[in-house]
Peer 1: 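Next up is a structure, given as structure tokens.
Here is how names work: the chains are called A, B, and so on, in the same order as the sequence lines, proteins then strands, and each is numbered from 1. The shown structure was predicted, so the numbers you read here are calculated from the model rather than taken from an experiment.
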Amino acid sequence: MAMVNLTINNQKVSVEEGRTILDAANKLKIKIPTLCHLDLENIKFVNQSASCRVCVVEVEGRRNLAPSCSTPVSEGMVVTTNSIRCIKARRTMVELLLSNHPKDCLICQKSLDCELQALAAELNIREIKFDGERARHEIDISSQSIVRNMDKCILCRRCETMCNEVQTVHVLSPVNRGFDTFIAPSLNLPMNESTCTFCGQCVAVCPTAALTEVNNISKVWDALNDKTKYVVVQTAPAVRAALGEEFGAEPGTSVTGKMVAGLRKLGFDNVFDTDFAADLTIMEEATEFIHRLQHGGKLPILTSCCPGWVKFFEHQFSDMLDIPSTSKSPHEMFGVIAKTYYANKIGIDPQDMYVVSVMPCLAKKYEAARPELAHDDMQDVDTVITTRELAKMLKEANIDLMSLEDEDFDNPLGESTGASVIFGTTGGVIEAALRTAYEWLTEETLEKVEFHELRGFDGIKEAVIKINDLDVKIAVAHGLGNARRLLEQIRDGKATYHAIEIMACPGGCIGGGGQPYHHGNMAYLQKRMECIYKEDEGKTIRKSHENPYIIKLYEEFLGEPYGEKAHKLLHTHYVKRVKM
Amino acid sequence: MGGNCDTQEKFAELQNFIDSIEDKRGALIAVLHRAQQLYGYLSNEVIFYVSEKLVIPSSKIYGVISFYSYFTTKQRGKYVINVCLGTACFVRGAEAIMKEFEKELNIKAGESTKDMKFTLSGLRCIGACGLAPVVMINDKVYGRVEVDQIKKIIEECEKEAE
């Protein structure tokens with residue numbers, strides 16, 4: 001690749017042809033403020049709409065300022081990034097954005113996490129000279145997962161890039177033009193009537209509070225303060241790998257024990273682990289896989305832990321509803337076991353039990369409300385809050401997470417294996433399933449439990465695992481765009497696999513829509529992934545079927561894996577939905 | 001799409017039109033034009049059909065429809081009266097022309113008469129500035145329109161409709 005030489009703020013730099021001024025400045029560690037621009041290279045997300053004009057710089061010989069995020073470098077270019085002209089122009093851009101923005105930062109859900117707010121502070125904006133017209137839109141609170149408040153949208157198009165190019169869900173698109181433009185689902189339908197999967201990746205990249213999660217914090221406080229309710233909480237594997245970030249810990253710091261202690265302080269009657277239910281999921285899913293393998297069932301089997309993925313295939317691949325596993329997702333399995341087995345064990349009326357899930361995910365909120373995920377007129381899970389919401393609750397209660405002493409989960413629904421922890425990252429579910437399926441099929445001990453070829457950030461990963469005489473072909477996809485590519489290959493008969501894991505979010509649950517905002521720093525995901533695998537290594541038991549409390553659960557209550565009772569409580573069905 | 005012969009015929013025509021396009025990339029606007037010509041407006045049904053045929057997400061199609069003022073998702077009257085409100089026409093009294101139509105038809109711009117005979121709307125420049133102020137009724141262009149001609153123009157349409 002040819003190199004181009006240029007000068008930025010009197011410093012010489014050479015970068016590859018085709019790169020932008022912003023790239024060259026980054027190489028020199030010269031900071032140019034940006035807002036709409038976002039480049040998440042390892043998940044192929046590049047938002048280069050150049051709509052905000054915050055990153056303008058002076059280029060010698062050009063009359064107008066140039067947006068550095070979208071202006072390619074050229075030989076001999078002389079750039080100034082910090083002249084008074086640049087600074088004034090940037091300030092004007094942001095003032096113009098703010099003139100059409102509700103300035104309710106003090107009570108805004110995104111306060112202190114908002115990139116527009118941070119930029120206004122950075123540019124030292126103290127007054128907004130423009131008093132223009134304000135766009136007014138109805139707030140879309142139709143869904144269980146995502147709130148769409150277009151009054152706070154700055155039209156950066158990040159959500160659109162994520163939804164269309166990375167996730168290929170194609171829900172969000174601009175409607176109208178000019179000042180009347182806003183971002184909406186097809187036909188301007190409310191979110192709950194659209195094909196949205198609620199993966200929440202749009203929320204993860206939205207710089208403002210235009211797209212946020214549905215806040216369930218007050219529901220949880222109400223339950224905790226209701227004397228008639230027995231409130232149990234469960235935490236997903238990926239939460240412990242990211243929660244610390246909200247309290248100033250280095251990314252990748254595991255805060256499992258502190259999180260448990262914090263949840264107890266909040267007043268939950270029991271602090272349990274979704275990991276326990278992840279082990280249960282493996283029991284069911286691995287049995288289902290072996291059953292299909294041995295009885296000529298439909299292959300490949302697809303994992304069904306991810307509610308975003310489930311809704312995606314219900315809309316986009318409704319002709320293939322018979323291939324995903326029928327196993328409910330771990331937190332749903334947890335809910336049903338808590339309200340049957342556990343409630344009975346401790347002598348509590350299940351109607352008085354309230355199950356809270358702490359999830360890295362926005363789609364889990366939607367999933368918890370799916371009508372079929374209920375029994376005896378009770379939803380399996382009552383409320384879902386995200387990692388971010390849990391952090392907010394802890395802060396509201398003045399609990400300084402990082403200063404807490406580690407505590408252990410309650411039993412019996414708090415015991416888990418290393419196999420369940422890795423559910424939190426892409427490749428983890430299938431690796432956990434293989435650890436169990438391998439031993440069951442071969443009746444031998446699996447010595448090396450790590451399947452390294454299924455790990456990492458490649459969009460689609462493949463492996464062939466020899467089990468007895470069979471070459472078991474495995475694939476893993478994360479990010480719905482990768483999932484679509486894989487599923488299309490299968491539909492067209494161009495690829496055959498035995499088992500496939502799919503997670504809607506890039507990186508898996510560690511990159512979920514409910515995790516602390518990464519603000520474009522994808523190294524966070526890498527660190528969280530390392531944290532998850534370290535937790536796995538630290539566990540004495542690393543195979544789901546060896547979890548003593550799981551064994552006990554089947555002995556005392558469920559009977560056989562994939563048996564009659566398990567079917568009734570732990571399995572579900574899917575709904576054919578329209579593709580728009 | 002639709003039950004009676006008329007809509008089936010239109011549907012077949014749209015289908016033929018789309019099938020006749022060799023390179024379907026970039027054909028969206030042309031297809032939407034034809035569809036609106038056939039149906040008078042772009043219903044959800046039509047949007048979803050075009051989406052399926054051209055393999056373009058309906059969200060994107062809806063974005064395009066809402067971007068161009070020419071396209072409409074609302075059913076329109078037999079006669080669509082478009083008063084040009086572009087700069088040249090505006091300067092030469094388009095506003096008064098619009099007001100007169102509103103008065104005569106007893107509807108506001110953007111609305112249709114109850115009998116669905118007329119729809120009144122404004123648009124921005126049809127490239128006939130030399131004839132300003134211009135009014136377009138369906139495909140017919142009326143140039144240098146004056147306020148006192150409007151009653152007659154409406155009557156002409158009504159007569160034709162009978």
Side-chain angles (χ1 to χ4, degrees), chain A residues 49 51 135 137 140 146 148 150 153 155 157 159-197 199 202 211 312 315-319 480-481 484-485 488 491-492 577-580, chain B residues 1-2 14-15 18 24-29 31-33 35-36 39-76 82 84-87 90 108-111 121-126:
Chain A
S49 59
S51 64
H137 302 277
D140 181 355
I146 297 173
R148 202 169 54 87
M150 286 300 106
C153 177
L155 294 173
R157 307 293 176 85
C159 57
E160 205 189 314
T161 304
M162 185 56 93
C163 190
N164 297 308
E165 283 169 37
V166 180
Q167 299 294 66
T168 67
V169 182
H170 300 295
V171 166
L172 296 175
S173 184
V175 173
N176 294 335
R177 67 160 145 188
F179 186 76
D180 299 324
T181 310
F182 59 95
I183 308 293
S186 184
L187 312 181
N188 197 14
L189 287 170
M191 293 293 271
N192 68 334
E193 290 174 35
S194 75
T195 57
C196 179
T197 65
C199 72
C202 55
L211 293 163
F312 184 74
H315 284 292
Q316 309 293 335
F317 295 92
S318 58
D319 54 325
L480 290 171
R484 182 189 286 277
R485 276 185 279 282
E488 276 169 355
R491 185 193 261 159
D492 298 346
R577 297 180 198 273
V578 292
K579 183 180 177 178
M580 286 187 196
Chain B
M1 206 185 288
L14 181 61
Q15 192 173 14
I18 296 173
K24 293 195 172 48
R25 285 170 309 172
L28 178 62
I29 301 258
V31 170
L32 291 177
H33 259 280
Q36 185 160 305
Y39 293 94
Y41 74 112
L42 299 165
S43 65
N44 293 355
E45 247 178 333
V46 168
I47 294 172
F48 290 140
Y49 178 72
V50 172
S51 164
E52 202 189 312
K53 286 294 267 185
L54 297 184
V55 199
I56 296 173
S58 66
S59 56
K60 190 165 183 174
I61 297 177
Y62 188 73
V64 169
I65 292 169
S66 67
F67 185 90
Y68 293 105
S69 58
Y70 174 82
F71 293 125
T72 177
T73 53
K74 278 197 206 113
Q75 193 158 10
R76 296 195 296 183
N82 270 305
C84 180
L85 299 170
T87 313
F90 195 85
K108 292 255 168 279
E111 293 175 351
S121 70
L123 51 68
R124 300 276 184 272
C125 197
I126 57 166

Peer 1: Please find the pair of heavy atoms, one from S66(B) and one from P174(A), that lie closest to each other, and give the distance.
Peer 2: OG-O, 4.4 Å
Peer 1: Please identify each residue that fulfils side chain to side chain contact (heavy atoms under 4.5 Å, CB included) with L123(B), with sequence neighbours left out.
Peer 2: N82(B), C84(B), I126(B)
Peer 1: Step through the shown structure and confirm whether more than 12 heavy atoms of other residues, nucleotides or ligands are within 6.0 Å of CZ on F90(B).
Peer 2: no
Peer 1: To the nearest 0.5 Å, tell me how far L187(A) CG sits from N44(B) CG.
Peer 2: 4.5 Å
Peer 1: Considering non-hydrogen atoms only, spot the tightest contact between Y62(B) and N188(A) and give its length.
Peer 2: CE2-N, 3.6 Å
Peer 1: List, one per line, each side-chain donor-acceptor pair under 3.5 Å for residues 178-186 of chain A, sequence neighbours excluded.
Peer 2:
{"unit_1": "T181(A)", "atom_1": "OG1", "unit_2": "G178(A)", "atom_2": "N", "d": "3.0"}
{"unit_1": "T181(A)", "atom_1": "OG1", "unit_2": "G178(A)", "atom_2": "O", "d": "2.7"}
{"unit_1": "S186(A)", "atom_1": "OG", "unit_2": "S58(B)", "atom_2": "OG", "d": "2.6"}
{"unit_1": "S186(A)", "atom_1": "OG", "unit_2": "S59(B)", "atom_2": "N", "d": "3.4"}

Peer 1: Counting only heavy atoms from other residues, nucleotides and ligands, does the tally under 6.0 Å from CD of E52(B) exceed 12?
Peer 2: no
Peer 1: Is I65(B) close to chain A through its backbone or its side chain, or both, or neither, when contacts mean heavy atoms under 4.5 Å?
Peer 2: neither
Peer 1: So for atom NZ, which belongs to K74(B), do other residues, nucleotides or ligands contribute more than 12 heavy atoms lying within a distance under 6.0 Å?
Peer 2: no
Peer 1: Considering only heavy atoms, which portion of F67(B) lies under 4.5 Å from any heavy atom of chain A: side chain, backbone, both, or neither?
Peer 2: both
Peer 1: Among residues at least two apart in sequence or on other chains, which ones pass side chain to side chain contact (heavy atoms under 4.5 Å, CB included) with Y68(B)?
Peer 2: I29(B), V64(B), F71(B)
Peer 1: Does atom NZ of K53(B) have more than 12 heavy-atom neighbours, drawn from other residues, nucleotides or ligands, at distances under 6.0 Å?
Peer 2: yes
Peer 1: Tell me the residues of residues 161-172 of chain A whose non-hydrogen atoms fall below 4.5 Å from those of chain B, in number order.
Peer 2: H170(A), V171(A)
